[in-house]
K.L.:
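Next up is a structure, given as structure tokens.
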Amino acid sequence: MSHYSVAASGDAGRMPANLAAAFTHARDDCADALPIGIYLCDRLGRVTQCNRKAVELWGREPQDASLFSGAPQSFRVDGTTMPLSESPVAEALRTGRPVRDREFLIERPDGSRVLMCANAEPLFDDDGELAGTVNCIQDITDRKAAEQRQKRLVDELNHRVKNTLATMQSLMAQSARGGETVADFRQRLEARLMAMSRAHDELTRRSWADVDLREVVDAGLGPHRGRKVTVRGAPVAIGPRTGLMLTMVVHELAANAAKYGALSGAPDTAGRVELAWKVKRNGAGPLLRLAWRESGGPPVRPAARRGFGTLLVERGVAVELRGKATIDFALAGVRCALEIPLPHGK
């Protein structure tokens, strides 16, 4: 226990019995083992006793026996300078009332800042006169950072749940609109929900961090993966939002090919799909270019109206990913070209 003595002064007055007892107790080695800083001040705010943790948090021993001799430079939580008159010790001495759970920043001699939670308890002499304070300080920097991370995760979860529900609502409405029968509606909806589920599985496995494009493509292809489909492209890390949308895009292209295009025939037919991508880097930032090409399937007959799959590909890429999607219903086979900007460093 660090015993910091203040020179005798008439201004300090007679120390009460309970304060003297506090001094005696504070000398015990157990105080130095506490995970919080403890220090005592006289009625003028001068540090008279402190434990090892208080010195560690301040980054130095109290400098002298002057007013608030243990107080480093302090700041409010918003970063503005906090004068000593607003410190918990000063408030407790001024009002004679306890100060509970006051949060503020201190700057140590090495320039580092620590977020503190402080409590100051006034002490009185036998005559009821204010004689000093006993104070506790605790470093809550890590705890607050963890709380902020948890809040961000909860906010992000809420955002994703809302987006997922909105997407499901749209899938249901559009699948019902394009379905000819109840069975057709069910088949379309289940396939789209399964594609979304596979995408979520991949993203959850990576804690919703960046995912490799190949894994996204595999999730989108689902049961069509490896069935007359050639996939080429170097590893590319993409964000979760891009990954989710591209999974749905690849699913719609594969589902359309399986029903009408190059994947609609028997396994031994000539229908094939080639899916390839590359990243072009320029001054505007990395640009992902992905090409879907069908060949060898039945002649393509463009639909009389644009279906949900086409709208999802074109509008989803444009709105969600700020990219561009072009679909060409060429007679020899469907072509789809995507251009998607990627964050710098991808």
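Numbers for residues simply follow the sequence, beginning at 1.
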K.L.:
Run E147 and R143 through salt bridge (Lys or Arg N to Asp or Glu O under 4.0 Å) and show every step you take.
P.N.:
CA-CA 6 Å; E147 290 175 358; R143 190 188 80 191; 3.6 Å; yes
K.L.:
Okay, side chain of W277, backbone of A234: is any donor-acceptor separation there less than 3.5 Å?
P.N.:
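Judged by distance alone, yes, a pair lies under 3.5 Å.
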K.L.:
Among the clusters formed by ILVMFWY side chains lying less than 4.5 Å apart, do V300 and V273 turn up in the same one?
P.N.:
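V300 and V273: one cluster.
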K.L.:
Indicate the atoms forming the closest heavy-atom contact of L263 with A254, along with that distance.
P.N.:
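Looks like CD1-O, 4.3 Å.
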K.L.:
May I have the list of side-chain donor-acceptor pairs in residues 324-340 shorter than 3.5 Å, sequence neighbours left out?
P.N.:
from	atom 1	to	atom 2	distance (Å)
R335	NH1	E294	O	2.6
R335	NH1	G333	O	3.1
E339	OE2	R289	NE	3.4

K.L.:
Among L321, V216, D212, find the one that has a side-chain contact (heavy atoms from CB on, under 4.5 Å) with I238.
P.N.:
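Only one of L321, V216, D212 forms a side-chain contact (heavy atoms from CB on, under 4.5 Å) with I238, namely V216.
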K.L.:
Do the side chains of P286 and P341 get nearer than 4.5 Å, heavy atoms only?
P.N.:
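Counting from C-beta outward, P341 and P286 never come under 4.5 Å.
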K.L.:
Are the side chains of S264 and P298 in touch, meaning some heavy atoms are under 4.5 Å apart?
P.N.:
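A side-chain contact exists here, since the closest heavy-atom pair is under 4.5 Å.
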K.L.:
As a quick check of understanding, evaluate side chain to side chain contact (heavy atoms under 4.5 Å, CB included) for V114 and R108, giving each step before the final call.
P.N.:
CA-CA 8 Å; V114 179; R108 297 188 287 195; 3.5 Å; yes
K.L.:
May I ask you to decide if S85's main-chain N or O and R94's side chain share a donor-acceptor pair within less than 3.5 Å?
P.N.:
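Side chain of R94 to backbone of S85, a donor-acceptor pair under 3.5 Å: yes, one is there.
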K.L.:
Taking only residues two or more places apart in sequence, or in another chain, which ones meet R322 in a side-chain contact (heavy atoms from CB on, under 4.5 Å)?
P.N.:
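Expected list: none.
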K.L.:
Is there a chain of hydrophobic side chains (I, L, V, M, F, W, Y, each step under 4.5 Å between heavy atoms) that links V279 to L275?
P.N.:
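Yes: a chain of side-chain contacts under 4.5 Å links V279 to L275.
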K.L.:
Looking at residues at least two apart in the chain, or sitting in another chain, which of them share a side-chain contact (heavy atoms from CB on, under 4.5 Å) with L57?
P.N.:
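With neighbours one apart ignored, the set is K53, M116, I137, D139.
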K.L.:
Any sub-3.5 Å donor-acceptor pair from D125's side-chain atoms to A131's backbone N or O?
P.N.:
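Flag not set: sc D125 to bb A131 has no pair under 3.5 Å.
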K.L.:
Apply the test side chain to side chain contact (heavy atoms under 4.5 Å, CB included) to residues V231 and L221: give CA-CA distance (whole Å), side-chain angles for both, the deciding distance (0.1 Å), then the verdict.
P.N.:
CA-CA 10 Å; V231 178; L221 289 172; 4.1 Å; yes
K.L.:
Determine, using the 4.5 Å side-chain heavy-atom cutoff (strictly less than), whether I106 and V99 are members of one ILVMFWY cluster.
P.N.:
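No, I106 does not connect to V99 through the hydrophobic network.
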K.L.:
CD1/I36 to CD1/I140 distance, rounded to the nearest 0.5 angstrom?
P.N.:
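If we round to the nearest 0.5 Å, I36:CD1 and I140:CD1 are 13.0 Å apart.
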K.L.:
Listed by chain and number, what are the side-chain contact (heavy atoms from CB on, under 4.5 Å) partners of N135, not counting sequence neighbours?
P.N.:
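Expected list: Y39, C41, V89, A120, T133.
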K.L.:
How far does CG of L287 sit from NZ of K280, to the nearest 0.5 angstrom?
P.N.:
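Between L287 CG and K280 NZ, I get 7.5 Å after rounding to 0.5 Å.
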K.L.:
Could you tell me whether a side-chain N or O of D127 sits under 3.5 Å from a main-chain N or O of E129, the two making a donor and an acceptor?
P.N.:
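It does not hold such a pair.
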K.L.:
Could you grab the distance from atom CD of E86 to atom CZ of R102, nearest 0.5 Å is fine?
P.N.:
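If I round to the nearest 0.5 Å, the distance is 8.5 Å.
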K.L.:
Could I get the full list of side-chain contact (heavy atoms from CB on, under 4.5 Å) partners for T95, not counting sequence neighbours?
P.N.:
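side-chain contact (heavy atoms from CB on, under 4.5 Å) list for T95, sorted by chain: E91, R97.
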K.L.:
Heavy-atom distance under 4.5 Å between the side chains of F104 and S87, does that happen here?
P.N.:
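No, too far: nothing below the 4.5 Å cut-off.
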K.L.:
What distance do R76 atom CZ and E103 atom CD have between them, rounded to the nearest 0.5 Å?
P.N.:
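Between atom CZ of R76 and atom CD of E103 there are 15.0 Å.
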K.L.:
Can you tell me how far the CD atom of E252 sits from the OG1 atom of T310, to the nearest 0.5 Å?
P.N.:
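So the CD of E252 and the OG1 of T310 are separated by 8.5 Å.
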K.L.:
Could you work out, with side chain to side chain donor-acceptor pair (under 3.5 Å) as the rule, every residue matching D142, not counting sequence neighbours?
P.N.:
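In terms of side chain to side chain donor-acceptor pair (under 3.5 Å), with neighbours along the sequence ignored, D142 is linked to no residue.
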K.L.:
Considering only heavy atoms from C-beta outward, does the side chain of E121 approach that of R100 to under 4.5 Å?
P.N.:
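In short, these two side chains touch, coming nearer than 4.5 Å.
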K.L.:
What distance do E61 atom CD and R52 atom CZ have between them, rounded to the nearest 0.5 Å?
P.N.:
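The CD atom of E61 sits 10.0 Å away from the CZ atom of R52.
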K.L.:
Say whether F124 and L93 are linked into one hydrophobic cluster, either directly or through other cluster members, by side-chain heavy-atom distances under 4.5 angstrom.
P.N.:
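The answer is yes; both residues are in one hydrophobic cluster.
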